[in-house]
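All figures in this text were calculated on a predicted structure; none of them were measured in a lab. Residue numbers start from 1 in every chain, and the chains themselves are labelled A, B, ... in the order their sequence lines are given, proteins ahead of strands. Just so it is clear, the values below take in all heavy atoms, side chains as well, and ignore hydrogens, waters and symmetry mates.
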Amino acid sequence: MDTIEPVAPINMSAMSPIVTLNREELPEDTEVLARFLVGKSLVAETPEGRLSGRIVETEAYPPGDAAGHAFHGQTPSNGSLFLERGHAYVYFTYGSAYMLNVSSEPEGIGAGVLLRAIEPLEGIPLMARRRGPVRLHDLARGPGRLTRAFGIGRTYDGFDLCVAGPLWLGSAARPSGPVGMSVRIGLSREKDRLLRFYERASPFVSGPARLRR
DNA sequence: AGTGCGATTGACT
DNA sequence: GTCAATCGCACTA
């Protein structure tokens, strides 16, 4: 299947309005925050319109984690991980994909939560334009696809996600179903820690099938 | 200045 | 399911 499937109309009246999450509402622990963010919203206000979606998959990279980008200390490129919780850390990898993280600890401590997959809600046609002919559930399934669908690049690095602006975290439009936990995807170090969180019933979650049950 | 390495994706079997 | 392209960054010299 390489065509865009018909998009079922989204019943917005069955959802709560999305409002910004205040920093005080964000759990102060990386792992707890990663779990907390499943079901919450990501909103991008772009010149072409508003994009939003439900976060359905995250990974925690807590302080001292050898798999985290902050492990070897602060550098110009990973500095945003050391900002007070609720700031964006965007980096580029594999020559092709941007990744979006939410800083997750007090200022000076390097840690973050990687956003891995989103269920698109608003701005689906614009996302589809950016992603090409893929199925709805593939639009923002995967950390690199998510940033591409939302138009997020390095210029978003360091943004405060707790204030209304170009990119922000919002309340849940709809509550999350049961949340599963698994090892994180694609790591060679610290590969056994259960720091990935995902909405079990969601078809918008990435990763191999055995990690989606 | 040169080297090695990914928190992946998309194309292909 | 398998597999290789791709390039910014950290490290070494």
First encountered from the 5' end of DNA chain B, between Arg189(A) and Arg148(A) | Arg189(A)
note: Tyr98(A), atom OH; dC7(C), atom C1'; distance rounded to Å ~ 10 Å
For DNA chain B, stems built from three or more consecutive Watson-Crick or G-U wobble pairs below 3.5 Å = B:1-6 with C:7-12, B:8-12 with C:1-5
side-chain hydrogen bond (donor to acceptor under 3.5 Å, both in side chains) with Arg196(A): which residues, sequence neighbours excluded?
-> Glu57(A), Ser182(A)
With respect to Leu100(A), which candidate in Asp157(A), Leu115(A), Leu114(A) satisfies the side chain to side chain contact (heavy atoms under 4.5 Å, CB included) definition?
-> Leu115(A)
Whole Å only: how far is the CD1 atom of Ile185(A) from the P atom of dA7(B)?
-> 13 Å
Quiz item: Tyr94(A) side-chain donor-acceptor pair to dA5(C) base, under 3.5 Å = no
On the 0 to 90° scale, with breaks at 30° and 60°, tag the Tyr156(A)-Phe159(A) ring pair as parallel, tilted or perpendicular.
-> tilted
Please report, rounded to the nearest Å, how far the P atom of dG6(B) is from the CG atom of Asp65(A).
-> 14 Å
What orientation do Tyr98(A) and Phe92(A) show, parallel under 30°, tilted 30 to 60°, or perpendicular over 60°?
-> tilted
Write down the protein N/O and nucleotide N/O pairs, taken from nucleotides 9-13 of chain C, whose separation is under 3.5 Å; answer none if there are no such pairs.
from	atom 1	to	atom 2	distance (Å)
dC9(C)	O3'	Ser77(A)	OG	3.2
dA10(C)	OP1	Thr75(A)	OG1	2.4
dA10(C)	OP1	Ser77(A)	OG	2.1

Are Phe71(A) and Tyr61(A) grouped together when hydrophobic residues (ILVMFWY) are joined by side-chain heavy atoms under 4.5 angstrom apart?
-> no
Please give, in whole Å, the distance from dT8(B) C1' to Leu146(A) CG?
-> 13 Å
Given that Pro143(A) and Ser188(A) both sit by DNA chain B, which one's nearest nucleotide is further toward the 5' end?
-> Ser188(A)
Answer with yes or no whether the side chains of Thr30(A) and Glu105(A) bring together a donor and an acceptor at under 3.5 Å.
-> yes
Can you name the nearest heavy-atom pair linking Leu33(A) to Ser104(A), along with the distance?
-> CD2-CB, 3.6 Å
Presence of Arg196(A) side-chain N/O under 4.0 Å of dA7(B) phosphate oxygens OP1/OP2 = no
Quickly work out the Arg210(A) CZ to dG1(C) C1' distance and round it to whole Å.
-> 12 Å
Shortest non-hydrogen contact between Ala97(A) and Gly144(A), atoms and distance = CB-CA, 3.9 Å
Provide the closest heavy-atom pair for Ala44(A) versus Phe150(A) in the form atom of the first, atom of the second, distance.
-> CB-CD2, 3.8 Å
May Tyr61(A) be described as stacking on the base of dA7(B), applying a 5.5 Å centroid limit and a 30° limit on plane angle?
-> yes
Under 4.0 Å between any heavy atoms, over every strand shown, what does Arg131(A) touch: base, sugar-phosphate, or nothing? Just pick one.
-> sugar-phosphate
